[in-house]
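Heads up: the structure comes next, in structure tokens.
Per chain, numbering begins at 1; letters A, B, ... match sequence-line order.
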There are 4 protein chains.
Amino acid sequence: MIPVTRPGRKRSEESRQAILTAAAELVAEVGYAGLSIEGMAARSGTGKQTIYRWWPSKADVLLEALAEKADLHIPIPDEGSYAADLRAFLTASFALGRTPQVIAVLRALMAEAQINPEFGVRFRAGFLHRRRDALGVLVDRARARGDLPPVPRPATVADLVFGLIWYRVLATRDPIDDDQIDELVTLLTGAD
Amino acid sequence: MIPVTRPGRKRSEESRQAILTAAAELVAEVGYAGLSIEGMAARSGTGKQTIYRWWPSKADVLLEALAEKADLHIPIPDEGSYAADLRAFLTASFALGRTPQVIAVLRALMAEAQINPEFGVRFRAGFLHRRRDALGVLVDRARARGDLPPVPRPATVADLVFGLIWYRVLATRDPIDDDQIDELVTLLTGAD
Amino acid sequence: MIPVTRPGRKRSEESRQAILTAAAELVAEVGYAGLSIEGMAARSGTGKQTIYRWWPSKADVLLEALAEKADLHIPIPDEGSYAADLRAFLTASFALGRTPQVIAVLRALMAEAQINPEFGVRFRAGFLHRRRDALGVLVDRARARGDLPPVPRPATVADLVFGLIWYRVLATRDPIDDDQIDELVTLLTGAD
Amino acid sequence: MIPVTRPGRKRSEESRQAILTAAAELVAEVGYAGLSIEGMAARSGTGKQTIYRWWPSKADVLLEALAEKADLHIPIPDEGSYAADLRAFLTASFALGRTPQVIAVLRALMAEAQINPEFGVRFRAGFLHRRRDALGVLVDRARARGDLPPVPRPATVADLVFGLIWYRVLATRDPIDDDQIDELVTLLTGAD
DNA sequence: ATTTAAGCGAGACGGTACGTCTCGTCTTGAA
DNA sequence: TTCAAGACGAGACGTACCGTCTCGCTTAAAT
């Protein structure tokens, strides 16, 4: 058994919060490209070393700041049918991305994940997989009910749902209207 | 009529090609994060100013290098039916992204488009919209034929198709298998 | 016999004047450090090559501009005595350097002569030696008259006179008052 | 009383020395025009920022390097008479400028002082005034003794002495021979 | 109580690339 | 041949951050 109580000063929760807050404020003010560790340290009144000690990159700070405020595991209670479950999930997901600040951070993190492969691994594990798993719960539930149409296959459902969401966020950049939720539900449940 | 003959030395096509080649080679060797204007100038045997004179950022150089080799307006001949047209388009699109080098560049450009808004505008106009228009031709053709199912709507077709492709490229990072083409065709044409 | 009439276009006197004028104006506006061949070409409406064709450096342009306006060989008529000659020479010399613009150019040229040895050679030949020779005429005249004191030696007279002037221009930067002319004349003529 | 202990890492004396040495070596090798901050950083194995943090220009680095090796306040002990004091001062001054390396640096600094006014202020305060003050001590001593001739006035003595030295360094560029020391002493002390 | 071992804010360090500026040369088409 | 225009290879400028390294201090568990 490892002695968990190490000697020395404890990590400062105050500094941690100050850094997360500074990161969120700065990215809103100067954009992700203008965000720097140096700037975060200055704004938060901490030292650069304190940031480097706990986070590997500026993207990881943002990821933690995001996780702090938005629970990514939004559980979907059983709504009775696959269609109802799906509609609930989509509505909740779109609500998550309705705040421009969150969208901006998501765009930046997805971008960083492409450019910095190590962060990519962490971003997939810490964000993308969690969202995918949340959807997986619904699909499994539907499968158990025998509610699932033959096309698309369960594995493809996530690709279509998240593909559409991310494509709108990253490429077309206009918000998803509610009509599209109905359209998607219809398409995926095989209803007419 | 404007006199087209401007005074002064002409732009060097030789240097332009050397820069595009150097950019493509370097991004393959050191990755997008390791790519720099400085490095491109050194590798291509040109001066930094020559690059800054013609391109606003390293991403724009890559975009031009990409456009140079891959025609983005791949025309889809009439295959007789919506389903056949769609299958041809998807097959051609996946083939485009089969070469890892092209995928790597696309990931980088989509990332840069998130981080650098000015480049984002150019990337959408110079790449995303062209691909979307190419798909639009098929859909219009199907609509003229009365071949189009009520769901999804034409505008959503592109979101689903490109959403799925980009999501796999950016998020899951595993290649699309051919079964998924069939699945997608079935889903979008409303066939059973 | 060389055919003096060479083929091709003649040198443009207009451009030459425009360049000299631009150089003089610019050095007054932005200082010698801010003066550039590029700026001179832009201001004068000429091409850089035209400047490089006729002058080896920006300092040479300034030197020619200076020579254009101030005759450096101010002849000193025989005033009857060494003391009177000397006083006339000093008065004329100080007058030359009374205009701040000329002083500024002289400072810059003397500086450039230290930094750029090739220009140093030209500056000495084109400016310093001419001034020294002008003083030499007086001294020779005095020697012929037997008017010269044993100390300082003729060669040292120039060192003292020009040394004092340049030291004030370069180091102390305050103008020479007329009392110092008398002082210098007294000192050099051995009068009491 | 201000607490002198400032936070943060201390300035590296090792780097400071390495930079001063590199500056001195480089100016000897490539001349002042060829000297660059970039080159000094490379040669000294430091970063450019470290130089910019402590010195405003390459000339200031050289000035400090010069002050490091040559004490500019060479005190002149009382030699008994104004003439003897003066001879000692001149001999010491000429010795200072006998090493070609020192001369080369002085030429460069005086040049830079003309071109860069801010450095000019620092050069006068950090070098010229100190030398002038050293001479002032002798003159004051002579005045106290009643040893001073009416011409030249004390203020002009410095102009003549340093004028001659600098004129030879900057303009004629040939070394001062010892005869000229005697000549100068004779002239300034009013002896025959 | 004293020692030891972090963590902290601060800031200097060796680096790298940025985007700009100017250099001196070369190329173009008109005069 | 010269000229105005302007692209070119080259390379230094001064700045911004990177990620690392002292530094004096605070904090807390172990001695």
**Report entry** Spacing of A/I51 atom CD1 relative to E/dG7 atom P, expressed in whole Å
**Finding:** 15 Å
Requested in this report: Spell out, as yes or no, whether a donor-acceptor pair under 3.5 Å connects the side chain of D/T50 to the backbone of D/T46.
Outcome: no
Report task. Please report, rounded to the nearest Å, how far the P atom of E/dC26 is from the CD atom of B/E14. Result -> 15 Å
**Report entry** Rounded to 10 degrees, the angle between the two terminal axes of the helix from E/dA1-F/dT31 to E/dA31-F/dT1, each from five pairs
**Finding:** 10°
Query raised in the report: Starting at CG of B/D60 and ending at P of E/dG19, how long is that distance when rounded to a whole Å?
Result: 12 Å
Requested in this report: By nearest nucleotide on DNA chain F, pick out whichever of A/S57 and A/G8 is the more 5' one.
Outcome: A/S57
Query - Separation of B/F119 CZ from B/D60 CG (nearest 0.5 Å) - result: 5.5 Å
Report summary line: Whichever of A/R11 and D/R9 has the more 5' nearest nucleotide on DNA chain E, that residue is A/R11
Query raised in the report: Under 3.5 Å, side chain of D/E64 to main-chain N/O of D/L20, donor-acceptor pair present?
Result: no
Requested in this report: Taking only Lys NZ, Arg NE, NH1 and NH2, and the carboxylate oxygens of Asp or Glu, determine whether C/E38 and C/R43 approach each other closer than 4.0 Å.
Outcome: no
Query raised in the report: Within this structure, what is the CZ-to-P distance between B/R53 and E/dC26, rounded to whole angstrom?
Result: 16 Å
**Report entry** Whether A/K58 side chain and A/L35 backbone form a donor-acceptor pair below 3.5 Å
**Finding:** yes
**Report entry** d(OH, D/Y52; P, F/dC17) in whole Å
**Finding:** 17 Å
Report summary line: Taking F/dC8, E/dC8, E/dG11 as options, the one with an atom nearest any side-chain atom of B/W54 is F/dC8
Query raised in the report: In terms of side-chain heavy atoms, does B/E112 have a donor or acceptor partner in A/Q114 at a distance below 3.5 Å?
Result: no
Query raised in the report: A/E13 has an atom CD; how far is it from atom P of E/dC8, in whole Å?
Result: 11 Å
Query raised in the report: Contacts to DNA chain F from residues 32-49 of chain A, heavy-atom cutoff under 4.0 Å, which residues?
Result: A/S36, A/I37, A/E38, A/K48, A/Q49
Query raised in the report: Under the 3.5 angstrom rule, does the side chain of A/S44 hit a backbone N or O of A/M40 as a donor-acceptor pair?
Result: yes
**Report entry** Separation of F/dT2 C1' from C/R16 CZ (nearest whole Å)
**Finding:** 16 Å
Requested in this report: Could I get the full list of salt bridge (charged side-chain N to carboxylate O under 4.0 Å, His left out) partners for A/R107, not counting sequence neighbours?
Outcome: none
Query raised in the report: Considering only E/dA30, F/dG6, F/dA28, which nucleotide approaches the side chain of A/K10 most closely?
Result: F/dA28
**Report entry** C/S15 side-chain proximity, nearest of E/dT25, F/dA4, E/dC8
**Finding:** F/dA4
Report task. Using only side-chain N and O atoms of C/T50, determine if any of them is under 4.0 Å from OP1 or OP2 of F/dA4. Result -> yes
Query raised in the report: Has B/R16 got its NZ or CZ under 6.0 Å from the middle of the six-membered ring of B/W54, at an angle within 45 degrees of the ring axis?
Result: no
Report summary line: Rounded to whole Å, the CH2-P distance (B/W55 to F/dA7) equals 13 Å
